[in-house]
2 protein chains.
Amino acid sequence: MTTINDIAKMADVSRTTVSRALNDSGYVSEEVRNKIMAIVKETGYMPSLSAKSLRTKRSGVIGVILPKISTETSSRVVNGVNDVLSNEGFQILLTDTELNKQKEVEYIRLLKSRHVDGILILATNVNQPLLDAIQAAAIPVVCLGQKLPGVTSLAYNDYDASADMTTMLLNKGYTRLAFIGISNDDPAVGQLREQAYLDKLKERNLPVKDHWMAVGDFSIDSGYEAMKSILHTSKDDLPSAVFAVTDRMAVGAMEYLKEQGFRIPADMAIAGIGASVMSKYITPALTTIDYYNQEAGQHAARLLLGKINHEQNSEKLKLSYRLILRDSV
Amino acid sequence: MTTINDIAKMADVSRTTVSRALNDSGYVSEEVRNKIMAIVKETGYMPSLSAKSLRTKRSGVIGVILPKISTETSSRVVNGVNDVLSNEGFQILLTDTELNKQKEVEYIRLLKSRHVDGILILATNVNQPLLDAIQAAAIPVVCLGQKLPGVTSLAYNDYDASADMTTMLLNKGYTRLAFIGISNDDPAVGQLREQAYLDKLKERNLPVKDHWMAVGDFSIDSGYEAMKSILHTSKDDLPSAVFAVTDRMAVGAMEYLKEQGFRIPADMAIAGIGASVMSKYITPALTTIDYYNQEAGQHAARLLLGKINHEQNSEKLKLSYRLILRDSV
DNA sequence: AATAAAGATGGAATCGATTCCACATGACAT
DNA sequence: ATGTCATGTGGAATCGATTCCATCTTTATT
């Protein structure tokens with residue numbers, strides 16, 4: 001392994017000068033600089049980033065904490081994050097909590113000890129140990145998808161999105177509206193989206209029926225089971241539409257309905273959230289909401305870079321969304 | 001930031017002893033060890049991994065080079081890789097070449113300078129600069145999905161998989177079999193899958209018709225366009241089935257056929273490869289091949305760990321696959 | 001009882017960079 | 001002629017760990 005010392009020796013200068021030439025810091029004569037650069041190119045020398053990071057306290061690495069790697073949302077966001085970061089010479093260190101709250105905290109500490117320059121976390125819940133860990137880490141952190149108190153956050157407009165979808169369905173005459181949500185642990189997806197549904201029903205004085213509400217866990221299967229349970233518990237009082245808070249659960253629900261011979265949307269309309277690729281190609285095509293995940297990832301990355309460079313213009317933009325009307329409604 | 005020196009001072013021992021206590025190396029009395037551990041826990045101290053890596057030449061980080069982050073295949077593989085690696089205390093440093101051959105080379109050098117302990121590359125092509133870069137890096141590298149000469153590789157059984165699918169289609173009577181492939185740049189997906197198709201047709205003395213063959217670029221749209229072009233160029237000589245080498249292209253093809261009023265599989269059968277989630281829920285459900293990507297990622301990771309630990313048992317297992325028969329055929 | 005071996009600890013070098021400070025040179029102004 | 005300043009270069013400290021070697025106890029062995 002060639003080091004800066006080897007280069008210095010070969011160029012017959014001190015390593016100080018080599019460092020200056022490589023980093024464009026301080027004075028280096030044109031002649032010496034060229035000589036050094038030639039040798040660097042020839043040997044293929046690359047400075048040890050461990051050493052550099054040890055000395056400078058910057059690593060050029062951003063830690064990304066995901067709830068689950070293998071989801072469409074995650075990969076879109078990471079894609080967006082990477083767009084921005086790789087252009088700025090940053091690398092991504094990936095961690096996956098597998099929806100385990102304790103791992104979130106663990107990873108924050110681990111990333112810190114790796115001297116990452118910043119952390120981007122896609123949170124699915126809010127809890128005190130997590131907030132404490134972020135405080136303790138004392139490095140730039142941006143949270144995407146959830147509003148974390150005291151942390152720079154970029155949240156989707158979950159309430160309005162859900163409210164719009166609900167309103168749209170009600171306006172289309174689907175007043176017998178069932179709902180498939182997820183656990184309240186998740187303030188954004190679990191609470192806000194449900195609250196908007198409830199509020200809109202209330203606004204029109206429509207009763208909220210417990211047997212029209214079910215809870216899933218993001219998976220297709222859980223959507224299937226949720227739909228099954230809704231149909232079973234409301235035998236004589238069937239809904240005319242179902243709103244699932246994620247596309248995957250909507251797809252599961254649709255699957256069950258198809259199996260049971262329901263025509264969609266004639267017998268039962270379905271809507272989801274997420275604009276997954278699948279939503280477009282499934283039959284009937286699923287009405288859903290596009291959250292622009294990739295753009296959100298880009299924004300979050302830019303926000304984080306801003307914090308790292310101590311820029312103060314933390315433009316607290318709300319993320320936008322778009323309702324996509326398709327055949328399932 | 002607390003360092004090992006701070007801990008040493010607080011525990012009133014030398015930093016040597018602290019290091020020993022933390023790494024279970026050498027002798028440390030029970031008494032002193034407990035004292036140190038108590039202080040470590042209390043302060044939340046974590047050793048600087050930059051310093052550690054500088055000294056030990058191991059970083060606990062594996063570089064993963066992907067052709068594209070945001071695909072189902074990539075995310076499944078990364079998921080598998082992460083399964084294995086996170087258990088062994090390794091982290092993943094992610095890079096995305098965006099299908100750019102030059103970036104592959106660049107990233108290998110970059111990862112090397114970051115002292116990653118190994119590199120896992122999902123290659124989509126084989127070229128000399130890439131092989132040279134891998135040689136030059138002189139660190140453990142495992143390639144998944146492609147057979148790289150001189151590099152430990154784990155390749156899917158592309159030829160047999162494609163041959164099986166072709167045979168199955170022919171056996172079902174679809175002897176007028178069209179094909180949507182991708183560029184020959186990619187030996188595995190581009191060449192092997194096509195070769196198997198051609199060989200199987202030849203075996204039965206079926207003619208290979210140019211107007212039944214088209215090339216896409218992995219995307220759904222390209223599958224759509226490929227199907228369109230096949231139909232247009234073979235007006236009076238339509239195929240009875242089409243075999244696309246990826247699910248996404250198969251979905252695109254299906255989309256076009258549906259638009260044109262074809263019944264699937266009555267008027268035209270379709271098959272893909274990849275076992276995407278979508279393939280299961282689309283109507284009609286797509287016949288495809290499951291490559292067990294996540295397991296492949298796990299294998300690749302284990303193989304890499306083996307190389308890192310200088311184990312010689314490089315079991316060159318071929319990856320398996322499974323044909324999934326569904327309604328589209 | 002003498003000696004060897006095991007147990008416990010610290011000193012100091014080391015990994016490969018950056019950066020502060022000192023010093024040398026030459027140009028220019030006074 | 002002298003002082004000032006910009007330019008160019010090197011010496012040495014430093015970042016925070018690990019690890020070799022030396023030293024000192026304590027325990028076991030013959």
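The figures here come from the full heavy-atom set of this structure, side chains too, leaving out hydrogens, waters and symmetry mates. Here is the naming used below: chain letters follow the sequence lines, and residue numbers restart at 1 for every chain.
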**Q** With a cut-off of less than 4.0 Å, is there a side-chain N or O of A:Ser29 near OP1 or OP2 of D:dT7?
**A** no
**Q** Answer yes if the side chains of B:Ser219 and B:Asp217 hold a donor-acceptor pair under 3.5 Å, and no otherwise.
**A** yes
**Q** Can you tell me the distance, in whole Å, between the CD atom of B:Glu31 and the C1' atom of D:dT26?
**A** 15 Å
**Q** Please give, in whole Å, the distance from C:dT9 C1' to B:Asn23 CG?
**A** 16 Å
**Q** Can you check the A:Glu30 CD to D:dA6 P distance for me, whole Å?
**A** 20 Å
**Q** Looking only at N and O atoms, is any donor in the side chain of B:Arg55 or the base of C:dG16 less than 3.5 Å from an acceptor on the other one?
**A** no
**Q** Under a 3.5 Å distance rule, please check whether A:Thr2 uses its side chain to pair with a backbone N or O of A:Ile7 as donor and acceptor.
**A** no
**Q** Distance check needed: C:dC21 P versus A:Arg20 CZ, whole Å only.
**A** 14 Å
**Q** Rounded to whole Å, how long is the line connecting atom CG of A:Asn5 with atom C1' of C:dG16?
**A** 7 Å
**Q** What integer distance in Å separates B:Met1:CE from D:dA17:C1'?
**A** 12 Å
**Q** Check whether the side chain of A:Arg33 and the base of D:dG8 form a donor-acceptor pair under 3.5 Å.
**A** no
**Q** Is it the case that over 12 heavy atoms from other parts of the model lie below 6.0 angstrom from the CD atom of B:Gln102?
**A** no
**Q** Just compare D:dT19, C:dG11, D:dT9 and give me whichever is closest to any side-chain atom of B:Ser19.
**A**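 Of the options given, the side chain of B:Ser19 lies nearest D:dT19.
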**Q** If each of B:Val13 and B:Thr56 is mapped to the nucleotide of DNA chain C with the nearest heavy atom, which maps nearer the 5' terminus, i.e. the 5' end?
**A** B:Val13
**Q** Between B:Lys101 and B:Asp185, is the closest basic N to carboxylate O distance under 4.0 Å?
**A** yes
**Q** Can B:Asn184 and B:Gln191 be counted as having a side-chain donor-acceptor contact under 3.5 angstrom?
**A** no
**Q** Nearest whole Å is fine: how far is C:dT14 P from A:Leu54 CG?
**A**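 Going from CG in A:Leu54 over to P in C:dT14 covers 17 Å.
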**Q** On DNA chain C, compare the nucleotides closest to B:Ala51 and B:Val32; which residue's is nearer the 5' end?
**A** B:Val32
**Q** Per the atom types in the model, does the base of D:dT18 pair as donor or acceptor with the side chain of B:Arg15 at under 3.5 Å?
**A**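 Pair found.
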**Q** For a quick test of reading the model: is some side-chain N or O of A:Lys57 closer than 4.0 Å to OP1 or OP2 of D:dG16?
**A** yes
**Q** Base, sugar-phosphate or nothing for B:Thr3? Non-hydrogen atoms, less than 4.0 Å.
**A**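 Since only primed, P, OP1 and OP2 atoms lie under 4.0 Å of B:Thr3, the category is sugar-phosphate.
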**Q** Considering just the side-chain nitrogens and oxygens of A:Tyr27, establish if one lies under 4.0 Å of OP1 or OP2 belonging to D:dG10.
**A**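 For D:dG10, neither OP1 nor OP2 has a side-chain N or O of A:Tyr27 closer than 4.0 Å.
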**Q** Nearest-Å distance, CD1 (B:Ile7) to P (D:dA17)?
**A**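 Distance check: B:Ile7 CD1 to D:dA17 P gives 9 Å.
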**Q** Report the nucleotide, chosen from D:dC20, C:dG16, D:dT9, that has the shortest atom-to-atom distance to any side-chain atom of A:Ser48.
**A** C:dG16
**Q** Regarding A:Ser50 and A:Ser53, do their side chains bring together a donor and an acceptor under 3.5 Å, going by distance alone?
**A**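 Result is no, nothing qualifies.
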**Q** Between C:dT19 and A:Thr16, counting only base atoms on the nucleotide and side-chain atoms on the residue, is there a donor-acceptor pair under 3.5 Å?
**A**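 Pair found.
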**Q** Determine: side-chain N/O of B:Ser14 to OP1/OP2 of C:dG11, distance under 4.0 Å, yes or no.
**A**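 For C:dG11, OP1/OP2 do not have a side-chain N/O of B:Ser14 under 4.0 Å.
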